[in-house]
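The structure appears right after this line, and notes come after that.
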Amino acid sequence: MALDNNTIKELLIAKFADKVSAFDEPWGLLTFEVTAGSAHELIHFLKDDATLRFNFMTDLCGAHFPENEKERQLSVIYHLHNWLDNVRVRVKVYLDGENPEVDSMVDLFSSANWQERETYDFYGIIFKNHPDLKRILNMDEMVSFPMRKEFPLEDQGRTDKDDRYFGRVPLNQNLN
Amino acid sequence: MSIATSDVIQKRYNELIKEKENEDGSELSILNLGPTHPATHGIFQNVLLMDGEKIVDAEQTVGYIHRAFEKIAENRPFYQITPLTDRMNYCSSPINNMGWWMTLEKLLGVEVPKRVQYMRVIVMELARITDHLICNSILGVDSGAFTGFLHIFQAREEVYEIYEEICGARLTTNMGRIGGWERDWSPAVWAKIHKFMETFPAKWEEFDQLLTRNTIFMNRCLHTGAISAEKAISYGFTGPNLRAAGVDYDIRKMNPYSSYEDFEFDVPVGTAGDTYDRYMVRQEEVRQSLRIIRQALEKMPEGPYHADVPDYYLPPKQEVYSSMEALIYHFKIVMGEIPVPVGEVYHCVEGGNGELGFYLVSNGSRVPYRLHFRRPCFIYYQAFTEMIKGGYLSDAILIMSSMNVIAGELDA
């Protein structure tokens with residue numbers, strides 16, 4: 001019998017009760033939340049349970065929601081895939097905006113290593129027990145976490161810059 | 001990245017050297033391979049700890065051409081993100097383009113006509129051919145066989161001429177629109193595709209004869225850089241590299257998109273997961289791609305070249321000037337007043353080197369709230385250290401080219 005979303009949902013609720021919540025199926029992909037404390041246990045369960053068998057971590061990434069209440073400002077999103085039944089799930093963990101910490105999944109999936117480093121690099125989310133949590137794409141001297149929403153891109157239409165230094169001066173413009 | 005990183009690594013290695021020398025008296029050395037080295041195609045740095053010519057340990061540094069695509073994407077309307085996807089795996093940019101359009105169509109609920117889907121299949125398979133062609137011919141160059149590369153690159157040129165005829169660009173294509181194509185394919189496009197289909201298979205077999213059973217090439221490739229299926233899965237391998245390890249995971253079969261279920265093709269798998277198997281899987285995938293294109297050309301249905309979605313597809317210019325409705329739609333699309341559903345969607349396509357995924361979170365505005373690219377290179381390149389440990393330096397170069405690590409995709 002192929003695994004369907006309801007079976008997964010029932011199994012998870014039976015084991016994790018109120019630690020899992022907000023079940024939804026946007027475009028058929030089972031999506032739910034789990035508390036930061038149980039994330040590692042849940043993904044371990046998804047991977048090793050004889051029925052669930054989610055053997056592949058497709059993707060791991062972060063997201064920032066500055067408008068949420070403080071406990072839910074940062075999030076980590078895991079996409080897992082069961083290749084035997086061809087089912088995917090999306091697991092979300094919401095974290096505290098000031099002190100975001102979640103357990104690392106490197107011991108379960110080696111592929112999480114760099115993806116967690118990338119998420120740390122861009123969002124400043126601390127993955128506990130990660131073997132080597134440091135920046136990966138940005139330079140080591142950087143102090144901010146640039147994918148957070150408080151860092152906007154420069155407005156292309158800003159006028160406070162001296163255009164002469166950027167080669168954007170129309171020919172007939174008075175430079176004084 | 002910076003000098004600081006290598007300093008840290010070098011300090012650690014210096015300690016390792018001391019320890020090791022105390023143990024058995026052998027001398028270790030540090031070798032900086034990259035960031036810009038003629039033997040690595042792209043900008044990668046590998047600090048290697050060497051025992052003579054053998055690699056004891058390695059540390060990778062990536063990010064030299066990081067361009068913050070995900071951040072830029074959060075500030076661009078949906079249709080302006082396609083040029084960013086071009087620049088990820090630039091050896092097969094049409095696959096990236098089509099993957100992005102399909103993600104958007106999934107979010108917006110756009111039904112694409114069968115003809116468009118078949119045309120997309122053709123262009124994606126052409127892209128796969130060029131991707132594998134580049135990877136395999138460069139693998140030949142790295143093992144000292146330049147001839148095959150020189151011969152087969154003529155064929156890549158022909159594919160780029162097809163792209164040029166379709167969209168005007170060659171490498172970073174930015175093809176297509178939401179719901180289809182910006183214009184119908186001209187007779188010249190079809191003529192070029194047919195000509196390519198006639199001439200290329202023979203060229204490919206000739207290339208195959210130059211390398212596949214070549215003793216030098218086989219000696220260099222067999223049993224180097226092998227990875228087991230179990231480890232490959234744990235490291236998040238997808239695409240030809242995973243199939244070389246013996247796992248038949250292919251998204252075109254597993255979650256067919258763009259009518260791939262209509263075509264008959266096989267998924268080649270290897271057994272050992274070594275450099276030679278990766279080469280062989282790519283060789284065979286090109287033949288399968290040709291098979292798919294042939295079927296698509298035969299079965300090409302009649303119909304429009306774009307979906308009828310005035311909310312997302314720009315009307316023809318003449319109509320904008322002559323009819324009120326077209327003018328309104330044109331204005332709405334350009335000024336970003338199109339309705340976009342709130343939600344999150346994940347869509348993946350089989351890219352040149354694996355599962356290329358797009359995770360898009362939309363909050364109803366004209367720009368993505370969050371867009372994450374699942375870049376196959378970035379995920380499987382972390383296994384490189386483990387694959388080269390214990391091997392020779394010259395093997396490491398071959399392993400890297402056989403993995404088809406594209407710097408643009410690695411760093412995004």
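The analysis underlying the following values was restricted to heavy atoms, covering all of them including side chains, and did not include hydrogens, waters or symmetry mates. Chain A is the first sequence line, chain B the second, and so forth, proteins listed ahead of strands; every chain is numbered from 1. Not measured: the values here are computed from a predicted model.
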_Restricting to non-hydrogen atoms, name the atom on Gly62(A) and the atom on Arg370(B) that form the minimum distance, rounded to 0.1 Å._
O-NE, 2.5 Å
*Would you give the length of the straight line joining atom CH2 of Trp27(A) to atom NE2 of His347(B), rounded to the nearest 0.5 angstrom?*
13.0 Å
_chain B contact via Lys47(A) - which portion, at a heavy-atom distance below 4.5 Å_ = neither
*Just wondering, do Phe56(A) and Thr238(B) contact through their side chains at under 4.5 Å, heavy atoms?*
yes
*asked:* Does any backbone or side-chain atom of Asn75(B) lie under 4.5 Å from a heavy atom of chain A? Answer side chain, backbone, both or neither.
replied: side chain
*Indicate yes or no: does Arg148(A) engage Glu74(B) in a salt bridge with an N to O separation below 4.0 Å.*
no
*Enter the distance from Asp121(A):CG to His66(B):NE2 here, rounded to the nearest 0.5 Å.*
7.0 Å
_From CG (Asn86(A)) to CG (Asn255(B)), nearest 0.5 Å_ = 4.5 Å
*Tell me, side chain or backbone of Leu60(A) under 4.5 Å from chain B's heavy atoms, or both, or neither?*
backbone
*Checking heavy atoms, do the side chain of Leu242(B), its backbone, both or neither come under 4.5 Å from chain A?*
side chain
*Can you tell me if CD on Glu150(A) sees more than 12 non-hydrogen neighbours from other groups inside 6.0 Å?*
yes
*Student check: side-chain heavy atoms of Cys348(B) and His79(A) closer than 4.5 Å*: no
*For Glu69(A), does the CD atom have more than 12 heavy-atom neighbours from other residues, nucleotides or ligands under 6.0 Å away?*
yes
_Min side-chain heavy-atom separation Asp24(A)-Glu344(B) under 4.5 Å_ = no
*asked:* So for atom CD, which belongs to Glu111(B), do other residues, nucleotides or ligands contribute more than 12 heavy atoms lying within a distance under 6.0 Å?
replied: no
*Any chance you could measure Leu29(A), atom CG, to Tyr346(B), atom OH, to the nearest 0.5 Å?*
9.5 Å
*Show your working on ring pair (Phe, Tyr, Trp, His ring centres under 6.0 Å) between Tyr369(B) and His64(A) and close with a plain yes or no.*
CA-CA 9 Å; Tyr369(B) 185 79; His64(A) 187 208; 8.7 Å; no
_Looking at Gln80(B), I want to see if its CD is surrounded by more than 12 non-hydrogen atoms of other residues, nucleotides or ligands under 6.0 Å._
yes
*Does any heavy atom of chain A fall under 4.5 Å from the side chain of Arg67(B), the backbone, both, or neither of them?*
neither
_Rounded distance [0.5 Å steps], CD in Gln115(A) versus NE2 in His372(B)_ = 6.0 Å
*To the nearest 0.5 Å, tell me how far Phe373(B) CZ sits from Asp59(A) CG.*
11.5 Å
_Part of Leu107(B) lying under 4.5 Å from any heavy atom of chain A_ = both
_Phe151(A) vs Lys71(B), test: side-chain contact (heavy atoms from CB on, under 4.5 Å). Steps then yes/no._
CA-CA 9 Å; Phe151(A) 300 105; Lys71(B) 188 77 183 175; 4.2 Å; yes
*Heavy atoms, side chains only, cut-off 4.5 Å: are Arg117(A) and Gln382(B) in contact?*
no
*Which bit of Phe65(A) is near chain B, if near means a heavy-atom gap under 4.5 Å: side chain, backbone, both or neither?*
both
*Crowded around Lys19(A) NZ? As in, over 12 foreign heavy atoms under 6.0 Å?*
no
*asked:* Between Tyr381(B) and Trp114(A), is the side-chain contact (heavy atoms from CB on, under 4.5 Å) condition met? List the steps.
replied: CA-CA 9 Å; Tyr381(B) 185 52; Trp114(A) 281 19; 3.5 Å; yes
*Lys231(B) versus chain A, heavy atoms under 4.5 Å apart: side chain, backbone, both or neither?*
neither
*Please examine the side chains of Ile136(A) and Phe378(B), heavy atoms only from C-beta on, and report whether any two atoms are closer than 4.5 Å.*
yes
*Going by the angle between their ring planes, with limits at 30° and 60°, are Tyr249(B) and Trp83(A) parallel, tilted or perpendicular?*
parallel
_So which atom in Arg374(B) and which in Thr58(A) form the shortest heavy-atom distance, rounded to 0.1 Å?_
NE-O, 2.5 Å
*asked:* Using every non-hydrogen atom in the two residues, find where Leu108(A) and Ser234(B) come nearest and quote the distance to one decimal.
replied: O-OG, 4.4 Å
